[in-house]
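Written below as structure tokens is the structure these notes are about.
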Amino acid sequence: MDFKQFGDALLTAVFPRRCPYCGKVILPSQYVCDSCLSDLPMIEAPICSFCGHSKKDCVCKKRKSHYDAVVAPFYYEAEILTAVYRLKYENKDFLAQVFAKDMVEAVRRFLPLGEIDVLTYVPFTKKQQRERLYNPSEILCRALSKELSIPIEPLLLKLYETKTQHMLSEKARSGNVLGAYDTVDVENIAGKTVLLVDDIKTTGATLSECAKMLLLADAEKVYACTFAVTKNQKKKS
């Protein structure tokens, strides 16, 4: 065993390596635990660009939003629920680097990467910025920017507090975020194709409202990428 291997082993003994998705202790040689490796709820190709679901799971009927397409690597269920909770509420900001690698793969597979000029993210209000250590959407966006070598710009501003989206009905969510966002740094928007980043997509109301504001500031196109999307349940006939 060389000095580096000894150092890694010692570090692992003091700070055990954990699965980034479920938090279980794993071996130093592992990247993810065996359970998550086989059971992660991946979104498989082909996908519906309107809702980000696999086409076999799509029930959106091509419902149009202001963004041109949305992609994500996972459904928001099983181990991904735990992973997002750890990022958002346990201050595990380092997980953004891991999650961004999965998001990059979704972007490369399903979006025209060569068209994207700039990345931006769904912002916090000033109050949220004071109360939280970080904005999960922002740190995911910064990690994604590094992976893709595409610049990041804070192009959006959240004007006021809104009710928590997941607590509302699907119909109420669009109204909840209507007028809640505005654009800043407009000269960096006009004529550009923007990749908008968030942590989770539920109905897409927040992403659509943000995309609308970017388009009103003369963005050429807006694509969206999240770490996970809420899987819509097919209605029984």
Side-chain angles (χ1 to χ4, degrees), residues 15-45 47 49 51-54 67 69-111 113 116 118-124 128-129 132-154 156 165-166 194-202 204 206-207 210 223-231:
F15 302 105
R17 186 188 295 271
R18 293 183 179 274
C19 174
Y21 297 105
C22 68
K24 294 178 182 177
V25 174
I26 57 177
L27 296 173
S29 59
Q30 290 182 298
Y31 163 72
V32 60
C33 73
D34 293 336
S35 176
C36 287
L37 189 62
S38 60
D39 294 335
L40 285 176
M42 297 188 69
I43 297 173
E44 300 174 351
I47 69 163
S49 62
C51 65
H53 289 56
S54 295
Y67 47 80
V70 59
V71 299
F74 301 113
Y75 288 118
Y76 186 49
E77 58 188 27
E79 291 82 358
I80 299 304
L81 284 165
T82 303
V84 171
Y85 186 90
R86 295 177 72 218
L87 174 68
K88 295 182 71 166
Y89 302 113
E90 294 183 355
N91 299 323
K92 303 288 196 277
D93 57 334
F94 61 89
L95 293 175
Q97 303 296 328
V98 179
F99 300 166
K101 293 182 184 298
D102 293 309
M103 295 168 73
V104 164
E105 290 306 310
V107 170
R108 286 176 172 158
R109 289 182 70 190
F110 304 125
L111 293 180
L113 183 58
I116 298 171
V118 63
L119 274 62
T120 198
Y121 52 89
V122 175
F124 271 175
Q128 286 175 303
Q129 290 171 354
R132 300 279 293 274
L133 290 179
Y134 55 82
N135 176 353
S137 300
E138 180 180 353
I139 63 170
L140 284 170
C141 188
R142 294 194 180 281
L144 203 60
S145 171
K146 184 177 179 180
E147 290 286 334
L148 293 172
S149 298
I150 299 174
I152 177 176
E153 297 287 346
L156 291 159
Q165 286 287 82
H166 73 261
V194 181
L195 179 62
L196 174 63
V197 178
D198 203 0
D199 49 6
I200 308 165
K201 170 191 170 287
T202 49
T206 298
L207 290 172
C210 288
Y223 296 110
C225 178
T226 65
F227 177 59
V229 299
T230 300
K231 190 174 185 179

With rounding to the nearest 0.5 Å, note down the distance linking [atom1] in [X] to [atom2] in [Y].
{"X": "Asp39", "Y": "Ile80", "atom1": "CG", "atom2": "CD1", "answer": "11.0 Å"}
{"X": "Leu133", "Y": "Asn91", "atom1": "CG", "atom2": "CG", "answer": "4.5 Å"}
{"X": "Phe110", "Y": "Ile47", "atom1": "CZ", "atom2": "CD1", "answer": "4.5 Å"}
{"X": "Leu27", "Y": "Cys19", "atom1": "CG", "atom2": "SG", "answer": "12.0 Å"}
{"X": "Leu119", "Y": "Ser145", "atom1": "CG", "atom2": "OG", "answer": "5.5 Å"}
{"X": "Leu95", "Y": "Leu140", "atom1": "CG", "atom2": "CG", "answer": "9.5 Å"}

Item to complete: State whether the side chain of Thr120 and the backbone N or O of Glu153 hold a donor-acceptor pair below 3.5 Å, judged by distance alone.
Response: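 Judged by distance alone, yes, a pair lies under 3.5 Å.
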Shortest non-hydrogen contact from [X] toward [Y]:
{"X": "Arg108", "Y": "Glu147", "value": "NH2-O, 3.8 Å"}
{"X": "Pro73", "Y": "Met103", "value": "CG-N, 4.0 Å"}
{"X": "Ile26", "Y": "Val32", "value": "CD1-N, 4.1 Å"}
{"X": "Cys225", "Y": "Leu144", "value": "SG-CD2, 4.5 Å"}
{"X": "Cys141", "Y": "Tyr121", "value": "CB-CB, 3.9 Å"}
{"X": "Lys201", "Y": "Tyr67", "value": "CE-OH, 3.5 Å"}

Between [Y] and [X], is there a side-chain heavy-atom distance shorter than 4.5 Å?
{"X": "Tyr76", "Y": "Pro41", "result": "no"}
{"X": "Leu111", "Y": "Leu195", "result": "yes"}
{"X": "Tyr21", "Y": "Thr82", "result": "no"}
{"X": "Glu79", "Y": "Ser35", "result": "yes"}
{"X": "Ile139", "Y": "Leu87", "result": "yes"}
{"X": "Val84", "Y": "Ile200", "result": "yes"}
{"X": "Leu207", "Y": "Val122", "result": "yes"}
{"X": "Leu113", "Y": "Val107", "result": "yes"}

Discussion item. Less than 4.0 angstrom from a charged side-chain N to a carboxylate O is my criterion; do Arg142 and Glu138 meet it?
Written reply: yes
Item to complete: Verify side-chain contact (heavy atoms from CB on, under 4.5 Å) between Tyr223 and Val70, making sure each step is shown before the conclusion.
Response: CA-CA 6 Å; Tyr223 296 110; Val70 59; over 6 Å; no
Practice prompt. Taking side chain to side chain contact (heavy atoms under 4.5 Å, CB included) as the test, write out the residues that go with Lys146, two or more places apart.
Written response: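 Partners of Lys146 by the side chain to side chain contact (heavy atoms under 4.5 Å, CB included) criterion come out as none, since no residue qualifies.
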Discussion item. Would you say that more than 12 heavy atoms from the other residues, nucleotides or ligands in this model lie under 6.0 Å from the NZ of Lys92, or not?
Written reply: yes
Worksheet item: Should the ring pair Phe227 and Phe99 be called parallel, tilted or perpendicular, given that the plane angle runs from 0 to 90° and is split at 30 and 60?
Response: parallel
